[in-house]
Number of protein chains: 2
Amino acid sequence: MVTLRDVARQAGVSAKTVSRVVNDDPAVNAETRDAILAVIRRLDYVPDHAARMMRAGTSSVVGLMTDVVATTPYSVDIVRGAQDSLRRDRRTLLIANTEGDADLERDVWRMFRAHKVSGVVYATMYHRPLDLGDPEFGGAIVLANCFSPRGRFPAIVPDDEHGGYTQAAHLLALGHRRIGIVSLNPVLRASVLRGAGFRTAFAEVGVPFDPELDRPGFVGPIESERIVAYEAGRDLLSRPDRPTAIICGNDKIAMQIYAAAASLGLSIPQDLSVMGYDDMTVIAETLRPALTTVGLPYFEIGRRAIETLSAGTPGAKAGIEPPVLVPCPLVERQSCRAIDG
Amino acid sequence: MVTLRDVARQAGVSAKTVSRVVNDDPAVNAETRDAILAVIRRLDYVPDHAARMMRAGTSSVVGLMTDVVATTPYSVDIVRGAQDSLRRDRRTLLIANTEGDADLERDVWRMFRAHKVSGVVYATMYHRPLDLGDPEFGGAIVLANCFSPRGRFPAIVPDDEHGGYTQAAHLLALGHRRIGIVSLNPVLRASVLRGAGFRTAFAEVGVPFDPELDRPGFVGPIESERIVAYEAGRDLLSRPDRPTAIICGNDKIAMQIYAAAASLGLSIPQDLSVMGYDDMTVIAETLRPALTTVGLPYFEIGRRAIETLSAGTPGAKAGIEPPVLVPCPLVERQSCRAIDG
DNA sequence: CAGTCGAGTGACAACGTTGTCATTAGCAGG
DNA sequence: CCTGCTAATGACAACGTTGTCACTCGACTG
């Protein structure tokens, strides 16, 4: 292994001078610097992270803790977003997931302490409140896709309310007035927020919100919920005054609405416009016609989480700060069209 | 920060003795050990990773390098599998992705060296050959979901050939004889291997392989390919001698086959059995009827990769060793049924 | 009883880096 | 010429841990 001293010996300078060059200390003669850089390249010297970390008392590694990665496949974009942001200053990501186990979580905090990570992002795989307890962690903590009830930690979450508004507003702008809703499990925060968004949009154009047209697409306790969007869709679409558009709680629901429409001989978007949520490309781009939907900005959430960390919130905040809301963009494809006449 | 010396002082012993306790060295008096453990718990002492790493010259961290995480959402299960295996010996995962950029990849190798990772898993997001060049990395390297052309590194890959065999054999066992195929982009290795699997299964029951019934579901260069499974499906299903079952290259293709069948008034599984591949639960469990498919064992691949690392292959192997094949299990749901008569 | 052994423990150095402080040379101002 | 200054560099210690070696103290062997 090539060390600072090896480089120093080869370059005929002291270790400290090499250290200065490595750390971009301006107090080094230009010629000396060039000579040392040449030796570094020749020997392919890489500074030892362990030694730096020991001296510095902190490391260039950021911890990422997740609950369950499996549930929504695209939520890993939080990880990609975080990495994208870290790469710029050559920092890296130490990842651990807790699988929802409290003991494991405590171990992970300990491990993060052992590694002297400079900060921790706690990311959940669906948007929810999170009580972090007291992690006894010295560095900064940022929540991604979740938020602490009393606002103790900075949090970055998707703007579900505005996302719901976007769904409804787009269909209303296309002239739809009878709009069905097949929503997420109502226990989910996202479901509640989006509902509020619908209502705002409906109210803005003076369309009454008809509870008859609002059905849950999932039933049962979360984690073991069952999707019933197909039945809900058939039900809505069999009504004499069937809706001309359906807002879905996610793209899976939309997928079943497509099937329900097909089973009743209805074509999308001629007879029915469908609006999804999540922008799971696997579904949205594969459906025929491709699905117009609202995206979950996971990548951006991950990126912002790291930036918030770097901005340096030292430890838990005493005051209450509301979560940062990241907008959910409309992704237009072919499943919505303007209503005739 | 609580150090070994703090614990030692509190317990009235030397630092070395505490070190022994922390490292499960048996040469410590039982009472001394208990006393020290009590102090450790009381002070919540966590051994400093940096210092250990510096002494040891290696760390308990394993590097995971990926090309592009985004493409297939479930391939992140490789990460989960790896973590599952690492957790047992309290090791952790340092993750970096290269986004396919060679410069970035070189940086990542350097970073891994700086961190003295004990080994590296290189995971690709679809099954493909990978030429690693000469990473100048001292530790063990294992490939996951990819393999080096000359077998220089141990590799763990899905057994696509047997997966293809499984798809065909299951339908043949149900009595199907006219079986259509809508396959992956033929440039993919998986596509070739599975094709060989089909042929074996067909040959075993003496059914001729009809190239007329074999259509690509994707066209165009990879990364910008276009899915045409819907058209391929309608085409196959409009034939006078239409197949009674269709084998799909993945679950997205299956999804379009469902749509194609619906557009022609055919019901699944009464009129047509459909067999997927990948077991993307988002699709397979949401389709009506739920999709019978073959799973990609990403979790297991990740787990085995770590185990292979731990088994300790020191550096690159000179000899050629074939990749380890992990079976792709049949996941039965409701989209295939026995043929009448 | 002297010598040997093993169990238990501690002193000390070393890992690679960087902060602190000291040192040198060169130069401007008095 | 001396003082005070800056730019450039180096000597040294310290970060927290653990391997090496040495030590003590009973117990056992011959």
Side-chain angles (χ1 to χ4, degrees), chain A residues 1-37 39-40 43-61 90 110-118 138-139, chain B residues 1-37 39-40 43-61 90 110-118 138-139:
Chain A
M1 179 183 178
V2 183
T3 77
L4 210 56
R5 308 190 102 82
D6 297 328
V7 176
R9 207 164 14 241
Q10 288 271 333
V13 296
S14 77
K16 179 69 225 205
T17 303
V18 179
S19 168
R20 276 191 257 262
V21 170
V22 171
N23 292 285
D24 283 330
D25 186 327
V28 178
N29 183 292
E31 291 166 38
T32 317
R33 153 170 286 116
D34 289 346
I36 291 175
L37 283 175
V39 177
I40 286 177
L43 301 185
D44 195 12
Y45 162 72
V46 178
D48 183 296
H49 177 73
R52 289 186 134 176
M53 182 152 99
M54 188 149 80
R55 281 286 332 186
T58 180
S59 86
S60 59
V61 175
R90 338 200 99 237
R110 235 192 288 278
M111 186 269 284
F112 281 165
R113 264 205 287 158
H115 282 264
K116 291 184 161 71
V117 297
S118 59
Chain B
M1 181 183 176
V2 183
T3 77
L4 209 55
R5 311 189 101 82
D6 297 328
V7 176
R9 207 167 12 244
Q10 288 270 333
V13 296
S14 76
K16 179 70 227 206
T17 302
V18 179
S19 168
R20 277 191 256 262
V21 171
V22 171
N23 292 286
D24 284 327
D25 186 327
V28 178
N29 182 292
E31 293 165 37
T32 316
R33 154 170 285 115
D34 291 345
I36 291 174
L37 284 175
V39 177
I40 287 178
L43 301 184
D44 195 14
Y45 163 72
V46 178
D48 183 297
H49 176 73
R52 290 186 134 175
M53 181 152 100
M54 189 149 80
R55 280 287 332 183
T58 180
S59 87
S60 59
V61 175
R90 338 198 100 239
R110 234 191 288 277
M111 186 267 285
F112 282 165
R113 264 206 287 158
H115 282 264
K116 290 185 162 68
V117 297
S118 59

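In the text below, chain A, chain B and the rest are named by the order of the sequence lines, each starting its count at 1.
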B/Val22 vs B/Ile40, test: side-chain contact (heavy atoms from CB on, under 4.5 Å). Steps then yes/no. CA-CA 9 Å; B/Val22 171; B/Ile40 287 178; 4.0 Å; yes
Yes or no on side-chain contact (heavy atoms from CB on, under 4.5 Å) for B/Val61 and B/Ser118, after CA distance, side-chain angles and deciding distance? CA-CA 6 Å; B/Val61 175; B/Ser118 59; over 6 Å; no
Verify side-chain contact (heavy atoms from CB on, under 4.5 Å) between B/Val46 and B/Val2, making sure each step is shown before the conclusion. CA-CA 7 Å; B/Val46 178; B/Val2 183; over 6 Å; no
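In this structure, A/Arg55 reaches the bases: a heavy-atom distance under 4.0 Å links it to at least one base atom across the strands shown.
Both A/Val13 and B/Pro47 sit near DNA chain D, but only A/Val13 has its closest nucleotide nearer the 5' end.
In terms of the side chain to side chain donor-acceptor pair (under 3.5 Å) criterion, B/Arg55 has no residue partners (sequence neighbours excluded). With sequence neighbours excluded, the residues satisfying side chain to side chain contact (heavy atoms under 4.5 Å, CB included) with A/Met53 are A/His49, A/Ser59, A/Lys116, B/His49, B/Ala50. Under the side chain to side chain donor-acceptor pair (under 3.5 Å) criterion, B/Ser14 pairs with B/Thr17, sequence neighbours left out. Under the side chain to side chain donor-acceptor pair (under 3.5 Å) criterion, A/Arg5 pairs with no residue at all, not counting sequence neighbours. For the salt bridge (charged side-chain N to carboxylate O under 4.0 Å, His left out) test, residues two or more places apart in sequence or in another chain that qualify with B/Asp6 are B/Arg9. Applying the salt bridge (charged side-chain N to carboxylate O under 4.0 Å, His left out) rule to A/Arg110 yields the partners B/Asp44; only residues at least two apart in sequence or on another chain are considered.
Once you apply a 4.0 Å limit to the heavy atoms of chain B, the touched nucleotides of DNA chain C run 5' to 3' over C/dG8 to C/dG16.
Residue pairs meeting the salt bridge (charged side-chain N to carboxylate O under 4.0 Å, His left out) criterion with at least one member in residues 11-25 of chain B: none, sequence neighbours excluded.
If you check residues 14-22 of chain A against DNA chain C, the residues with a heavy atom closer than 4.0 Å are A/Lys16, A/Ser19, listed by number. Residues of residues 28-35 of chain A having a heavy atom closer than 4.0 Å to DNA chain D, listed by number: A/Val28, A/Asn29, A/Thr32.
Contact check for A/Asn23 versus A/Arg52: side-chain heavy atoms found under the 4.5 Å cut-off. Using a 4.5 Å cut-off on side-chain heavy atoms (C-beta onward), B/Leu37 and B/Val21 make contact.
End-to-end axis angle of the helix from C/dC1-D/dG30 to C/dG30-D/dC1, from C1' rotation axes over five pairs per end: 60° (rounded to 10 degrees).
Between the CG atom of B/Leu4 and the OH atom of B/Tyr45 there is a distance of 4.0 Å, given to the nearest 0.5 Å.
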